[in-house]
Amino acid sequence: MTRKDGWRVLVVCLVLGLGTIALYSPAFGFNFVNYDDELYVNGNTHINKGLSGVLGWAFSTGYGNVWQPLTWLSHALDCAIYGLKPGGHHATNIILHALNAVLVFLVLRQLTGAFWRSAAVAAFFAWHPLHVEVFAWVAERKMLLGAFFVLVSLWAYSLYAEKSRSRLPSAKFYYVAAVILFALAVMSNLAAAMLPFVLLALDWWPLQRLTPTESKPVAKQALFLLAEKVPFFILALSAVVVTIKATAGLQVADPISQLPYRIRVATAGMSCFRYLAKSFWPTDLAPAYPFVLHYAKWQLIGVALALVAITIVAVVTRKTRPYWLVGWLWFLITLVPALNLVQSGAQPMADRYMYIPSIGLWMLFCWEAFDLAGTLPSGRLVLQGVGAVLLVVCGIASAIQLRVWKNEGTLLARIPDSSVNAVGHADYASYLMRRHELPHAEIEAEKAAAISPDRPAFLLLLGQIYLVEHKADQSIEKLQSALRLEHGMDIARLELGQAFLEKGRASDAAEEFKSVLQRDPKNFVAHHWLARALLAQGRTAEAVGEYSASLVSQPGQPITLNDLAWLLATDPHREIRRGSEAVKLADRACELTHWQEPALIGTLAAAYAEAGDFDKAVLASQKAHDLAAAQGLKDLAETNLQLITLYRGHKPFHATK
C-alpha cells in the first residue's frame, strides 16, 4: 500500500466511523424498550449485576431460547461499566455498528482490490434505514457482535488466501485466526453459522481459487477448498447442537413451525422479495411483520418469476459479471436462517435479519452501477453524483427511522402492514391501556379483533379495556366470546367475573372465580375476587376465608392485606372483627407500599381503633389525611378528618349492616 493509499483508507474509515456515530448519536438519550430489553438486560438478574459470576451462566444457559455466551458477556460488561443507564448500552451498539461499517470497507477492499466500490457498499451498510433496528435496539447486540466477528474472520481468511497463494508461512496463522474468529462469531449469534458457505462462494470470486491449471484441475481444487472448510463446518454444527441442548425444554411453539411446509416455502419466497423491495424502497419498516398466510396466486407467481429471473441473470453473467452470482448467493445464503426453512422462527421477517445479507446485495448493486457507468459518457461523474444523493437520502431516512426507537410508545405506534397486522394493533393497545389512554387503546384493540375475530387473545384484550372503562356489558360480551373460542382461558374468566361484579351479578361472578379455582386451587387472584363476590352477597365469614387463602398463596399483596384488614377492623358483625390481626395486616400493607397510600394508612388507623389503641389511631388517621390532601384526594382527606374526631372520642369505626 502506497502512502497515498494509506491516507485514502484512513479518511474513508474516519468518515464511515465518525459519520455513523454522529448520525445516530441521538440514540444516546434513548430508553430501554419493553421489547426483549428487559429479558436481555435491565430485567435479567444474571446480567444487570455486571460480570460477577456470569461466566459459567453465559456458556451454559439457553435463556431467551438462544445460546450466545459472548453476547451475554458483552451485555454484562456494559452493565458493569454503565449500570442500567440505557445511553451507555446504546453507545456500545452504535460504536459496534460503526466498526462493522469500517470492516465492510476494509474486507471488501482486501477481497476485491476495489477502493471506491467497497467504500460505497460500506456507506450504504452504515447509513441504510433498514439497519437502524440492529443498533437502536439494545437487545439486538447479538447481531452486531456476530457480524463483527464474521467480518474480522473474513478479513483473516482473505489474508490467508493471499498468503497461501504466495506460499508464505504466515498463511497458517491467518487460517487459524479465521477459524478462531468464526468460533467467536457463532458464540455471539448462531446466524453466523452460514459463513463457510459464503467462503466457498468467495473462493470462486474474487479470490480466484478455482482457476484450473495443469497440475490442479478444478475438481481437485474444489475438494481441497471443501476440506479446508471442515473446521468451519464442525464449529457451525457444534454451535447448532449446543444451542439445541441449551434450549431444550425452553422452546415454545410458534405459528410458522406449525404451518405446512408449502406455506412456509411461499412465506420464505415472499419474505425474500420484500427484503429486496425494502432495501431499495425502505418504507413501513418495523422489528416484526405479521403473518400473511394466503397470498393471491398472481403475487406468488410474480415473486417466484422475479427471484428466478435474478438467479438466471446471476448464473448467465457469472463470467463477465461474477459479482452478480457471488452477491446474490451471499444474500440468499446468509438469509436462510431467517426464512424459517432450516430453523423455525416467531415471525416471517424482520429488518434486523438483513444486516449481513445486505452486504452481498449492495456489493452486487455497486459493482453493477460502476460497470454500467463505465459504458456511458461521463458515466462515472454521474454515478458519483447519484451515489452521493442516495447516501444523503439514506442518512435522512435513517435519522427519521431512528426516532421510532426513542421509547416503547414510539416503537409500538409504528405498525407495519396495519391492515393485516392484528398483533401490532394489540401490542400498541396493551401499551396504551397501561398508560390509561383508554379511548385510543380501545380503537387499537378493536382493529386487532376486527382483523382476527377468531383469536381469543384479542377479544380478551378488548374485554379488559372495556372493563377498565366501566363498560361492563360490552366487556361481558367480548369475554364470553373469547371463552367460547378457548374455554379454559382462566384470565378471561377472572375478567368476566369482575365485569359481572360491576353489573351487580355477584353470584355469576362467584361462579367464574370458583371455576378458575377448580383448575388452579392456589390462584391467589381468584381467591381475592371470590372474596369480593362473597362480600357482595353478604357472606362475610366465607369472604374472610377466601382473603386468607389468597394471602397464603401470595403473602405480599397490599390490596388483599388492606381489604382483609378493613374487614376485620370495621365489619358490623362482632364475631368477624379481630383488631390485633387487622393491625398486623394493615401495617404490612403500608410497609409494602412505603407508606405512600393514604387509603391503606386509613385502614391501619381503623385497625388501631378496633384494637383499642386510639392514640395511634388518631396519629395514623392524621397521617392519612395529610397525605391524601397532598395528593389532591379531597374526599379521602375529609373522611379522615371525620374519623379523627371519632377516634379522639375513643370510638372505633364500624360499617353499618
Verify the distance criterion only: is there a donor paired with an acceptor across the side chains of Ser74 and Arg141 at less than 3.5 Å? yes
Can you find a side-chain donor-acceptor pair between Glu368 and Trp324 that sits under 3.5 Å? yes
Is there a side chain to side chain contact (heavy atoms under 4.5 Å, CB included) between Leu51 and Leu77? Walk through the geometry before answering. CA-CA 6 Å; Leu51 293 170; Leu77 180 59; 3.8 Å; yes
Do any N or O atoms from the side chain of Asn100 and from the backbone of Leu144 form a donor-acceptor pair under 3.5 angstrom? yes
Trace of the ring-ring contact (aromatic ring centres under 6.0 Å, His included) decision for Tyr275 with Phe331: CA-CA 10 Å; Tyr275 282 128; Phe331 168 72; 7.3 Å; no
Begin with the C-alpha distance, continue with both residues' side-chain angles, and end with the deciding distance and a verdict on side chain to side chain contact (heavy atoms under 4.5 Å, CB included) for Phe365 and Phe280. CA-CA 10 Å; Phe365 174 76; Phe280 294 100; 3.7 Å; yes
Verify, without hydrogens or angle tests, whether Ser271 (side chain) and Pro348 (backbone) share a donor-acceptor contact under 3.5 angstrom. yes
Looking at Thr283, is its backbone amide N or carbonyl O close enough to the side chain of Lys278 to form a donor-acceptor pair, meaning the two atoms are under 3.5 Å apart? yes
Taking Arg165 for the side chain and Leu207 for the main chain, is one N or O donor matched with an acceptor at less than 3.5 Å? yes
Minimal heavy-atom distance between Met354 and Ser279, with the atoms involved, is CE-OG, 3.3 Å
For Tyr289, all residues meeting side chain to side chain donor-acceptor pair (under 3.5 Å), sequence neighbours excluded: Asp351
Could you check whether Arg209 pairs with Glu228 (Lys NZ or Arg NE/NH1/NH2 to Asp/Glu carboxylate O, under 4.0 Å)? yes
Donor-acceptor contact present, side-chain Ser153 to main-chain Leu181, <3.5 Å: no
Where is the tightest heavy-atom contact between Leu200 and Leu225, given as atom of each residue plus distance? CD2-O, 4.1 Å
Just checking, Arg380 and Phe370: is the charged tip under 6.0 Å from the six-membered ring centre and within 45° of the axis? yes
Going by heavy atoms in the side chains, are Leu335 and Cys272 under 4.5 Å from each other? yes
Between Trp362 and His128, what is the ring plane arrangement, given parallel below 30°, perpendicular above 60°, and tilted in between? tilted
Going by atom types alone, do Gln110 and Glu162 pair a side-chain donor with an acceptor below 3.5 Å? yes
Assign the ring pair Phe197 / Phe233 to parallel, tilted or perpendicular, where the plane angle (0 to 90°) is split at 30° and 60°. perpendicular
Donor on one side chain, acceptor on other, Thr311 and Trp328, under 3.5 Å: yes
Evaluation steps, ring-ring contact (aromatic ring centres under 6.0 Å, His included), between His97 and Phe125: CA-CA 9 Å; His97 179 57; Phe125 175 86; 5.6 Å; yes
Leu210 and Gln221 have their tightest heavy-atom pair at CA-OE1, 3.3 Å
Does some side-chain heavy atom of Leu325 sit less than 4.5 Å from a side-chain heavy atom of Trp204? yes
Nearest heavy-atom neighbours spanning Ala246 and Thr61: CB-O, 3.8 Å
Distance-only side-chain donor-acceptor flag, Asn189 / Tyr355, under 3.5 Å: no
Assess the pair Phe135 and His90: is the distance between their ring centroids shorter than 6.0 Å? no
Less than 4.0 angstrom from a charged side-chain N to a carboxylate O is my criterion; do Arg414 and Asp284 meet it? no
Would you give me the side-chain donor-acceptor pairs under 3.5 Å for residues 8-31, sequence neighbours excluded?
| residue | atom | partner | partner atom | Å |
| --- | --- | --- | --- | --- |
| Arg8 | NH2 | Asp5 | OD1 | 3.2 |
| Thr20 | OG1 | Leu16 | O | 2.5 |
| Thr20 | OG1 | Trp127 | NE1 | 3.0 |
| Tyr24 | OH | Ala126 | O | 2.9 |
| Ser25 | OG | Ala22 | O | 2.9 |

Donor-acceptor contact below 3.5 Å, side chain Ser166 vs main chain Lys163: no
Counting neighbours of NZ on Lys172 that are heavy atoms of other residues, nucleotides or ligands and sit closer than 6.0 Å, is the number greater than 12? no
Measure centre to centre between the rings of Tyr175 and Tyr160, then say whether the value is under 6.0 Å. yes
To check you understand the geometry: which heavy-atom pair defines the closest contact between Leu329 and Ala201, and what is its length? CD1-CB, 4.4 Å
What verdict does the side chain to side chain contact (heavy atoms under 4.5 Å, CB included) test give for Leu130 and Ser358, after you've listed the backbone C-alpha separation in whole Å, the side-chain angles of each residue and the deciding distance to 0.1 Å? CA-CA 9 Å; Leu130 201 60; Ser358 68; 5.7 Å; no
Under 3.5 Å donor-acceptor, Asp37 side chain and Phe32 backbone: no
Phe115, CZ atom: more than 12 neighbouring heavy atoms under 6.0 Å: yes
Does atom NZ (Lys229) have a neighbourhood of more than 12 heavy atoms from anything else shown, all under 6.0 Å? yes
In sequence, state the C-alpha distance, the side-chain angles, and the governing distance for Leu99 and Leu151, and then conclude on side chain to side chain contact (heavy atoms under 4.5 Å, CB included). CA-CA 10 Å; Leu99 285 173; Leu151 290 167; over 6 Å; no
Heavy-atom pair of closest approach, residues Leu372 and Arg321: N-NH2, 4.5 Å
Does Trp330 reach the main-chain N or O of Ile356 with its side chain, forming a donor-acceptor pair under 3.5 Å? yes
Are Tyr40 and Tyr63 an aromatic pair by the rule of ring centers under 6.0 Å? no
Counting N and O atoms only, with roles assigned by atom type, does the side chain of Asp36 sit under 3.5 Å from a partner on the main chain of Leu39, one being a donor and the other an acceptor? no
Without swapping roles, check the side chain of His89 against the backbone of Gly83 for a donor-acceptor pair under 3.5 Å. yes
